[in-house]
Amino acid sequence: MRAVCFVERIEFELSGNVFKNAITLGDVDNDGHSELIIGNSDGDISIFKGDKCWQKLSGLGMVSAICVGDVMNCGSNALIVICGDGWCHIYLSLQPKTEEPEESSVSGKLQRIHIQRIPPNTKMILLGDIDNDGKQELVMGLTDRVVRSYRWQRSVSGGKLVCLNKWECARQIGSLTLNHGPQGAPCLLVSQPGGTYMRIRTEAKETDENDKSIQVDHRLFALSKLDLTGDGRDEIVACSWDGQTYIVDQSKHSVRFQLEESVAGFCAGMYSISTTSSPVPCLIYTTFSNKVYIYHNVKLASLASKSLMFKVVEGKDAVNEVCAEDVVSDRKKLKNLIEWCLYNKHTL
Amino acid sequence: MDNIRDAHYFLLPTQGNIYTLSKITQTNGDNKVLFASLKRKLFLLEYDDHRDGCLKPIIREILFTYIPNGAEIISLDVFNKSTVCDDFFIGITIIKPNPEHNNETYLNIYSEQDLDLNPELNIESVAQNCLSIDLNFVPYQLYHSQVLRQFDDSDPRRETVWLLSGSDIKVHIFQEDRINHSYIELDVDEYFPELSSLPSIVIWMDIVYTHDQERRVTAIGCECGHMQISVVDTVKNIILSCHAKQFEGSVSRVQLFNLNNYVNSPTLNLISDEHRKRETKDEMAMNLVVSSTLQLSAVFMDIVNQGLNRRFYLESSDKYDSVLCSCLADVDMDGEVEVIIGTYAQELLMYKYENEKWLLKSRRSLEHPIQSLLYLDVTGDGMKELIVLTLGGLHVMQHNQDLVYGMLQNRLKQLFCSEDEQTEEKDLDKKTEDDCTDDENGLFNLSESTIILSSSPEIKTNA
C-alpha cells in the first residue's frame with residue numbers, strides 16, 4: 001500500500017486522557033469557522049481557534065463525549081458535553097450572529113445554559129435529524145448496549161432534553177452514524193462487533209450485514225470523512241491506536257500515514273490554522289504524551305500515484321502529433337523521448 | 001510545496017547513514033534503489049507499472065548472506081560490470097562490535113548471478129553469492145571506479161575496482177582476481193596517485209573520467225575539513241593539477257557535476273543528425289559542490305580550468321545544522337541542474353545557477369534529519385523522482401504530473417514544429433507560466449522553467 005509522510009503540524013499541550021469521542025471539530029461560536037474542541041478525563045474542555053487556545057472550561061466531570069450542533073433548534077450551534085458522572089452540559093455562545101463579530105459588545109465566549117441528569121454510562125453522542133421532522137435530535141450510545149434519542153423541548157423556564165426512544169442492541173456499540181437512504185429518509189447505523197451494523201429507522205428496526213469492507217492489519221477506532229484530494233469527493237480517514245492512519249477513496253485506492261506515537265483520540269475535518277486563513281483539511285490527533293497534533297498540510301493530488309507515460313499514451317495530443325505510432329507503443333523509446341525532452345539541455 | 005509531493009514513504013526499522021543509499025540502473029534502463037538500515041536489514045525499492053497507470057511501490061527486504069548477528073551495516077555501493085547485461089556487484093561493509101577485542105570489520109562483495117539462466121538482475125540470487133574480505137580498519141565510504149590494468153597475457157584493459165576509505169587514513173583499492181576467485185588489494189600510489197597522501201580520513205570521494213578515459217578528475221573531502229581536487233592524466237599516470245582548500249569542520253560530501261544535462265537523444269527520425277551534433281557534452285566544464293558540516297557549503301565552478309578560484313558559497317546552508325548530503329537534480333527541467341542539499345536540521349535546500357550566481361530558490365522541512373538524496377526515474381515513466389533517505393525513513397517524491405505533462409507538450413511542439421510556428425508556441429508558454437503563478441512559494445517550482453531554448457535570443461528574453 002502506498003504510504004506518505006505529512007510533516008507540517010501544530011502542537012498544543014493538553015494534559016489528561018482524552019476519550020475517543022471527546023474530540024471534535026465544530027463551529028461553537030457561530031462565526032462560520034470550525035473550532036477544535038477537546039475534553040479530557042479531568043473535566044477540562046479546551047477550545048482551540050487557529051493555533052491558540054480560545055477558551056478553557058473546567059470543573060466538569062470526566063468528559064466522555066462532546067458534540068457541536070443546533071441542539072435547541074434555535075439557529076445557533078451549541079456545545080453538548082457528556083460527562084461520566086451522569087451530567088449533560090450545554091454551552092452556548094451568547095454573541096448574536098453578525099457579519100462583523102469584533103464590533104459586538106457581547107463576549108463570544110461560551111456560557112453554560114443548561115445542565116441535566118442523564119445515564120452515567122453514556123459513551124457517545126450524535127446530533128442529527130433522525131426522524132426527518134426538520135429538527136435536530138440527540139442520540140446517545142451507552143455502554144450497556146442501549147441507544148437513546150432525545151429532543152430539546154422549550155418551556156417557560158428554558159427547556160430540557162426529553163427522551164424519545166430507547167433501543168437495545170444485541171451487542172456492544174462501536175459507533176453511531178446517521179445516513180440517508182435513497183429517498184432522503186434518515187437512518188441511524190449502529191456498528192456492532194464482527195463487521196456488522198444495526199440499522200434503526202425511527203420506528204422499525206432491522207439488522208443488516210456489512211456490505212463493504214477493506215482488510216487492514218491494525219485495530220481501527222476512529223473514522224472520519226474528509227476531502228483530501230480536493231476533487232469534491234470525500235475520502236474515508238481511519239485511525240488505529242498505534243497511529244496508523246488509512247485514507248481510502250471511493251475507488252478503493254488507499255494511502256497510509258503513520259503517526260509515530262500512540263493515539264488517544266483522532267478526528268479529521270476542515271480547520272483554520274490561523275484566524276486569517278481559510279479552513280484546510282486537517283488530521284488531528286491527541287496522544288498519551290499530553291500533546292495535540294494538527295497536521296494541516298495533508299492535501300494529496302490523488303490517492304494513487306500515476307505514471308506520466310501512461311498519461312502521454314492516453315492523451316491523444318502533442319506526442320501523438322509529432323511521433324509515429326511506433327514510438328507511442330514502444331515503452332522504451334517513449335521513456336527515452338520523455339526523459340530527453342524534459343531533462344536535456346536543448347539547443348535549437 | 002505544491003509541485004513535488006510524497007509518492008511513497010517507507011519507515012525504516014533502524015536508521016541508516018550517509019553511505020547506505022544506492023541506485024541500481026539495469027541495462028534495460030530500469031532503476032531500483034537499494035538502501036540499508038544499521039541493524040542488518042537491506043531493502044530494495046522498485047515500482048510496478050500497472051496497466052491502469054497507477055504506480056505501485058514495492059519495497060522488500062533482501063536477505064544478504066554472511067551478515068552475522070550483531071553486525072551493523074556501514075556503507076554500500078553497487079555497480080554493473082557489464083555494459084550489455086546485468087552483471088551486478090554489490091558491496092556492503094559491516095562492523096561487528098566486539099568489546100573484548102578489536103571490532104571485526106568486513107567488506108562483503110556479492111556477485112555472480114547466474115546470467116545464462118536469466119540475463120536480468122535477480123538480486124536474491126546475487127545476495128546469496130558472497131566473498132568476504134577481512135579488513136583491519138573501520139570502513140567509511142565504499143565507492144567504485146575504473147583502473148587500467150596491464151595483464152601478462154593481453155593488452156591493458158579497464159576494470160572496475162572497489163575503493164574503500166578507511167579509518168587508517170587510506171583509500172584501499174580492491175580488485176577481483178577471477179582466476180583465484182578472490183580479491184587483491186592494489187597499490188594506491190600506482191593506480192590513484194592523487195589519493196596516496198591524505199591528511200585525515202576521507203569522508204567522501206568522487207571520481208569522474210572523461211569519455212576517452214584519458215583524463216580523470218578526483219575530488220575528496222576529509223574529516224579534518226581538507227578538500228582537494230586533482231586532474232590526472234591517466235595515460236601517463238601523472239597529476240596535472242591539484243588544488244586544496246581547508247574547510248572548518250568535516251566535509252560531508254563532494255560531488256562533481258556538469259551544469260548542463262546531457263541525455264542520449266532517442267533514436268527517432270525526427271531528430272536530425274545536425275541537431276544531435278549540437279547536443280554534445282563539454283566534458284571538461286566540471287563543477288564541484290562541497291557540503292560542509294560546520295560552515296557554508298560551496299560550489300566551485302569550472303574547476304578543471306580555474307581550480308578553486310570561482311567559488312560560490314551557498315547562502316543560508318549553515319543555518320540548519322550540518323549539511324550531510326547533496327544531489328544534482330534538474331527539478332525545474334530547464335536542462336541545467338540545480339543543487340539540492342539535505343541538512344541534519346531536517347531541511348532540504350534548493351539552489352539554482354542564475355546570472356552567474358548560485359541562489360537559494362526554495363526550501364522544505366522534513367520530519368527527520370536528511371542523510372542522503374538521489375534524483376532518478378525509479379517509476380520508469382521518464383520523469384525523475386527525488387529519493388530522500390532520512391533518519392526515520394525513505395521518501396519517494398514525485399513532481400506534479402499535470403504541470404510536467406503540460407510542459408512536455410509545449411516542449412515537443414517547440415522542438416519539432418517549424419520556425420514560423422514558433423511565435424505561437426511562445427504565447428502558449430507564456431500562458432502556462434501565468435497558469436502556474438499560483439504556486440509562488442512552491443518548492444521546485446516548475447513554472448519558471450518553461451523557457452529552455454537558450455540559443456534563440458528571442459525566446460531567451462522571455463525567461
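Proteins come first, then strands; the chains are lettered A, B, ... in the order of their sequence lines, and each starts at number 1.
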* Asked: Going through the checks in order, is the side-chain contact (heavy atoms from CB on, under 4.5 Å) test met by A:E260 and B:H368?
  -> CA-CA 12 Å; A:E260 284 169 71; B:H368 288 292; 3.6 Å; yes
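- We find the OG-CD distance between B:S265 and A:E339 to be 11.5 Å, quoted to the nearest 0.5 Å.
- Heavy atoms from other residues, nucleotides or ligands lying under 6.0 Å from OH of B:Y262 number more than 12.
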* To do: Give the C-alpha distance, both sets of side-chain angles, the deciding distance and a yes or no for side-chain contact (heavy atoms from CB on, under 4.5 Å) between A:M309 and B:M383.
  => CA-CA 8 Å; A:M309 204 194 290; B:M383 178 171 78; over 6 Å; no
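- One distance of note links CG of A:L308 with OG1 of B:T379; it measures 8.5 Å at 0.5 Å rounding.
- With a threshold of 4.5 angstrom between heavy atoms, A:K306 approaches chain B through its backbone and through its side chain.
- Of the listed residues B:L11, B:I59, B:L259, the one with more heavy-atom pairs under 4.5 angstrom with chain A than any other is B:L11.
- Between the OG atom of A:S307 and the CG atom of B:D48 there is a distance of 11.5 Å, given to the nearest 0.5 Å.
- Ranked by heavy-atom pairs shorter than 4.5 Å toward chain B, the options A:S302, A:S305, A:A304 are led by A:S305.
- Ranked by non-hydrogen atom pairs under 4.5 Å with chain B, the options A:N344, A:V7, A:I338 are led by A:N344.
- Contacts of B:H8 with chain A are made by both backbone and side-chain atoms, with heavy-atom separations under 4.5 Å.
- Distance check: A:C341 SG to B:L415 CG gives 5.0 Å after rounding to the nearest 0.5 Å.
- Both tests pass for B:K384 against the ring of A:Y343: distance under 6.0 Å to the centre and angle within 45° of the axis.
- The two atoms that bring A:C5 and B:H395 nearest to each other are CB-CE1, 3.5 Å, heavy atoms only.
- A distance of 7.0 Å separates CG of B:N28 from NZ of A:K335, quoted to the nearest 0.5 Å.
- Atom CG of residue A:L342 and atom CE of residue B:M407 lie 5.5 Å apart, to the nearest 0.5 angstrom.
- Between A:K311 and B:D402, at least one side-chain N (NZ, or NE/NH1/NH2) sits under 4.0 Å from a carboxylate O, which counts as a salt bridge.
- If you measure heavy-atom distances from B:Q401 to chain A, the contacts under 4.5 Å come from both the backbone and the side chain.
- Contact tally against chain B (heavy-atom pairs below 4.5 Å) for A:H253, A:R2, A:R256, A:R9: the top residue is A:R2.
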* To do: For the pair A:W340 and B:N264, evaluate side-chain contact (heavy atoms from CB on, under 4.5 Å) and give the outcome as yes or no after the intermediate values.
  => CA-CA 7 Å; A:W340 177 76; B:N264 281 325; over 6 Å; no
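- Remark: A:K291 NZ is packed, more than 12 non-hydrogen atoms of other residues, nucleotides or ligands lying under 6.0 Å away.
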